[in-house]
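Read through the structure below, which is laid out as structure tokens, and then see the notes.
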Amino acid sequence: MRQRRNRAGDGTSSGAVPSAALPALRRAAEALNAGRLDEAEHQARSVLAARPHEPTALDVLGCVALNRGRPEEALAHFERVRATRSKDPLLQFNLGEAHRQTGAPGSALRHFRKAAELRPDFAEAHGQAGEMLRALGRFTEAAKAYQSALMLKPELAHCLAGFALLLVREGEFGQAVPFFEAALRATPVTMAPARAPLWANLGSARLRAGETLAGLSALAEAVACAPDQPGFPRLLARELLHLGAVPAGPRFRAVLIALFGRADVDPRLLATAAVAALRQDAAVDGLLARLAADPPRARETVAEADAVVRALLDDALFRALLAAAPIPDLGLELLLTEVRRSLLLAAREGAPPAPDLTLACALARQCFLNEYLYCTDEQEEVALAALCAGFGRAEADAGAADWRRVAIAACYLPLHRTAAARLDLAKSPPALRALVREQVEEPAQERALADSLVPLRPVRDAVSLLVQAQYEENPYPRWSRALLGTPRPLRERVHLALPHLGADEMPAVERPRVLVAGCGTGIQTMRLVQSVADASVLAVDLSRSSLAYGMRKLAEYGIGSVRHLQADILDLANLGERFDLIESFGVLHHMREPLQGLRVLSGLLAPGGLLFLGLYSEIARASVVAGRALVAERALAPTPAGVRAGRRAVMAGAVAQPDLGMLLSPASDFWTLSECRDLIFHVEEHRFTLPGIGAMLEACGLEFLGLEPERPSDRTRFAAEHPDPAAARSPAAWHGFETRHPDTFGGTYRIWARQARQGRTGSR
């Protein structure tokens with residue numbers, strides 16, 4: 001949060017220094033304090049050549065070494081100086097800084113405190129003592145040290161920020177905000193890298209204080225200040241998930257567009273925010289509202305708003321969203337359905353080709369991402385058949401391919417399922433290369449990977465066979481990029497999830513053995529690898545297609561250490577391995593007997609091992625129950641046509657039936673074909689209450705450790721309603737909380753458990 005240049009004295013108080021050496025010492029100190037390190041070092045060494053023990057020259061060399069990131073070398077110089085200047089507060093400060101840089105906060109604290117003792121008005125020494133105390137977890141003392149520094153120098157940015165962080169730690173987010181703001185005012189605008197973490201902390205504090213738009217604006221400023229530091233874009237991306245309002249103005253838009261281009265950010269985190277930004281245009285918002293209110297009239301509505309549609313299709317943010325993530329907005333879905341239709345009909349034999357290859361390719365990528373969810377009519381089916389037939393003729397007539405027609409066909413079918421795949425795709429223009437990779441090359445890689453898998457044993461359970469068939473047809477969820485992070489030791493990961501656990505309850509294992517039971521397409525495995533350091537991971541799933549998808553994606557990120565196995569959880573009892581952590585998110589509730597699956601997993605835990613489960617909430621899935629009832633009532637099959645029909649039925653009934661309307665939420669799994677099938681067509685689904693989960697855990701000899709809310713604000717709210725930390729380990733307390741706040745878990749509980757210890761029960 002700060003930039004500091006360590007300083008030396010000017011050489012005039014160095015005792016019996018020959019007058020010939022004084023000019024060189026003064027020049028060395030002046031050069032150091034001006035940041036001319038080479039000159040400072042040269043002058044200091046010229047003095048030491050004649051006087052090897054000259055304290056001021058040694059002090060200068062120590063400061064030069066500190067500023068060049070060589071703290072061990074600096075310590076050696078400063079220790080030689082201390083023999084004659086132990087009561088010099090500036091020397092004590094520099095010794096403290098050298099120890100700080102070597103990662104010895106306790107030693108650094110002693111020197112900073114000595115500097116403040118020798119010179120009580122030394123504000124920076126008090127402030128650095130506060131920094132070390134905070135690092136050592138001595139928060140009350142740290143607050144006093146910061147206050148002492150700020151009484152002397154109210155504009156010390158790192159003290160203002162450090163004190164604000166103490167307030168954040170206490171949950172006083174609103175009180176922290178003015179301190180972060182003051183720290184920003186005290187930090188020059190030219191020091192953008194130093195301002196970035198201040199903006200980030202200010203943004204996080206504002207968000208936790210309920211100031212959503214101001215918080216997002218601050219996080220965007222952090223990204224703008226330090227776009228090459230990955231932590232800030234990732235932090236902003238996490239906060240944008242499912243937000244229906246974002247700051248207005250071109251600056252935030254520019255940051256959002258840049259996020260879509262980052263390989264370390266999941267674009268699905270940004271989709272709802274991008275839609276909100278697009279709808280800040282009153283004309284766009286009005287058009288999308290009219291489309292959603294009257295879907296049967298979509299074609300006429302789009303035609304009447306031609307100028308608005310054209311402007312939207314040319315919008316850089318819209319183009320970024322279109323090619324990167326499924327769009328969770330009914331109005332935009334209806335608009336794109338009509339745009340796709342118009343492109344296809346214009347590309348019929350004899351008609352002029354589509355005018356914009358880039359748009360056609362972006363739309364094709366969107367349709368591939370949502371798995372061709374948009375509805376078609378009979379006229380489109382005829383036109384598509386004619387278009388695809390033309391590819392066979394082009395294959396016979398080398399060089400006759402019309403790449404715009406290829407892109408339009410890819411808006412309806414993946415290219416590997418059309419005759420276009422037999423064209424010389426190496427000659428395709430750059431705009432088409434992403435389509436060729438996603439729709440031809442990557443599916444071929446997945447087929448090869450699937451063929452290489454050897455199952456543990458054939459699946460025998462009747463429900464497991466049905467679930468397997470579903471995910472072979474529709475691997476779930478499809479994902480393009482993952483939000484990367486910094487892996488932490490398992491104990492730190494658990495502490496972040498369960499801060500109420502005591503230090504003696506944290507896992508001590510350094511290289512944990514981890515089982516992902518039901519890994520699907522690998523996104524959960526990816527999150528695990530990005531959060532737990534030095535883990536040995538086995539990822540298991542029923543579906544070869546899902547495993548192959550995940551294997552390809554992990555290889556794309558250079559992750560080759562994960563083992564993959566095709567198997568039913570019911571067959572893992574004889575695996576012959578034990579695990580320090582088992583993650584099974586969104587799996588047990590699709591088994592015929594979830595309790596049976598839980599028993600198998602509990603038996604695979606190593607002593608002290610942890611279990612992380614994702615299980616559906618009965619309270620939160622009322623809308624899903626309504627959707628499943630609608631599908632059953634209409635006897636819709638879980639085919640692409642059946643899923644599209646089910647979605648149309650949900651859209652038609654949403655106004656009269658609020659529970660169905662909830663399925664149209666941007667946070668719902670309504671916006672891709674595989675996710676919608678999983679949502680309301682799944683062959684097997686169980687839902688739970690927290691008291692029931694507590695009883696299940698107890699029946700398996702497991703202890704409920706707590707829940708991990710997806711939003712930190714929910715944890716803060718729970719703690720405010722339940723001041724006793726023991727409540728966090730009570731399913732009954734969490735059940736009461738969910739009853740009062742039914743949107744807390746987004747439909748799925750995130751549960752932590754372990755083998756019960758003597759004297760503890762699984763639920764309270």
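For this chain, numbers begin at 1 and follow the sequence in order.
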Check your understanding: Crowded around Arg578 CZ? As in, over 12 foreign heavy atoms under 6.0 Å?
Key -> yes

Exercise for review: Look only at the side chain of Trp671 and the backbone of Ser665, and say whether a donor-acceptor pair between them is shorter than 3.5 Å.
Suggested key: yes

Practice item. Name all residues meeting the ring-ring contact (aromatic ring centres under 6.0 Å, His included) criterion together with Tyr471; count only those two or more places apart in sequence or in a different chain, and write none if there are none. Key: His682

**Study point:** Gap between atom OG of Ser480 and atom CG of Asp266 - 0.5 Å precision
**Key:** 6.5 Å

Point to revise | Side chains of Pro666 and Asp329 in contact at under 4.5 Å (non-hydrogen atoms) | key: no

Check your understanding: Mind checking whether Ile327 and Gln366 have side chains closer than 4.5 Å, heavy atoms only?
Key -> yes

Exercise for review: Only counting residues at least two apart or in another chain, list the ones meeting side chain to side chain contact (heavy atoms under 4.5 Å, CB included) with Ser452.
Suggested key: none

Review point. Would you find a donor on one side and an acceptor on the other, under 3.5 Å apart, between the side chain of Glu675 and the backbone of Phe670?
Key: no

Practice item. With the side chain counted from C-beta on, respond yes when Val532 and Pro487 share a heavy-atom pair under 4.5 Å apart, and no when they do not. Key: no

Practice item. Output yes when a side-chain donor or acceptor of Arg552 lies under 3.5 Å from a complementary backbone atom of Glu446, and no otherwise. Key: no

Check your understanding: Are any side-chain N or O atoms of His500 and backbone N or O atoms of Leu705, one a donor and one an acceptor, separated by less than 3.5 Å?
Key -> yes

Check your understanding: Can you check whether Arg621 reaches Glu685 side chain to side chain, under 4.5 Å on heavy atoms?
Key -> yes

Point to revise | Tyr557 (side chain) donor-acceptor with Ala482 (main chain) under 3.5 angstrom | key: yes

Practice item. Compute the ring centroids of His590 and Tyr616, then answer whether they are less than 6.0 Å apart. Key: yes

Cut-off 3.5 Å, no hydrogens considered: what does the side-chain donor-acceptor table look like for residues 515-525, sequence neighbours left out?
residue, atom, partner, partner atom, Å
Thr521, OG1, Pro477, O, 2.4
Gln524, NE2, Glu583, OE1, 2.8

Check your understanding: When you measure from the side chain of Ser730 to the backbone N and O of Ala733, does any donor-acceptor pair fall under 3.5 Å?
Key -> yes

Check your understanding: Does a salt bridge link Glu239 with Arg208, judged by any charged N lying under 4.0 Å from a carboxylate O?
Key -> yes

Check your understanding: Do other residues, nucleotides or ligands put more than 12 heavy atoms under 6.0 Å from the CE atom of Met662?
Key -> no

Review point. Going by heavy atoms in the side chains, are Leu570 and Gln596 under 4.5 Å from each other?
Key: yes

Check your understanding: Just wondering, do Met696 and Leu598 contact through their side chains at under 4.5 Å, heavy atoms?
Key -> yes

**Study point:** Main-chain N/O of Arg527 paired to Ser531 side chain as donor or acceptor, under 3.5 Å
**Key:** yes

Review point. Asp461 side chain to Ser464 main-chain N or O, any donor-acceptor pair under 3.5 Å?
Key: yes

Point to revise | From Arg754 atom CZ to Leu610 atom CG, the distance as rounded to the nearest 0.5 Å | key: 7.0 Å

Review point. Rounded to the nearest 0.5 Å, what separation is found between the SG atom of Cys367 and the OH atom of Tyr372?
Key: 6.5 Å

Review point. Which distance, rounded to the nearest 0.5 Å, do you find between the CZ of Arg447 and the CD of Glu442?
Key: 12.0 Å

Review point. Is the side chain of His686 donor-acceptor paired with the backbone N or O of Met591 at a distance under 3.5 Å, no angle test?
Key: yes

Review point. Is the closest side-chain donor-acceptor distance between Ser674 and Glu371 under 3.5 Å?
Key: yes

Point to revise | Asn370 backbone acceptor or donor facing Thr672 side chain under 3.5 Å | key: no

Point to revise | Minimum side-chain heavy-atom gap Phe368-Arg478 below 4.5 Å | key: yes

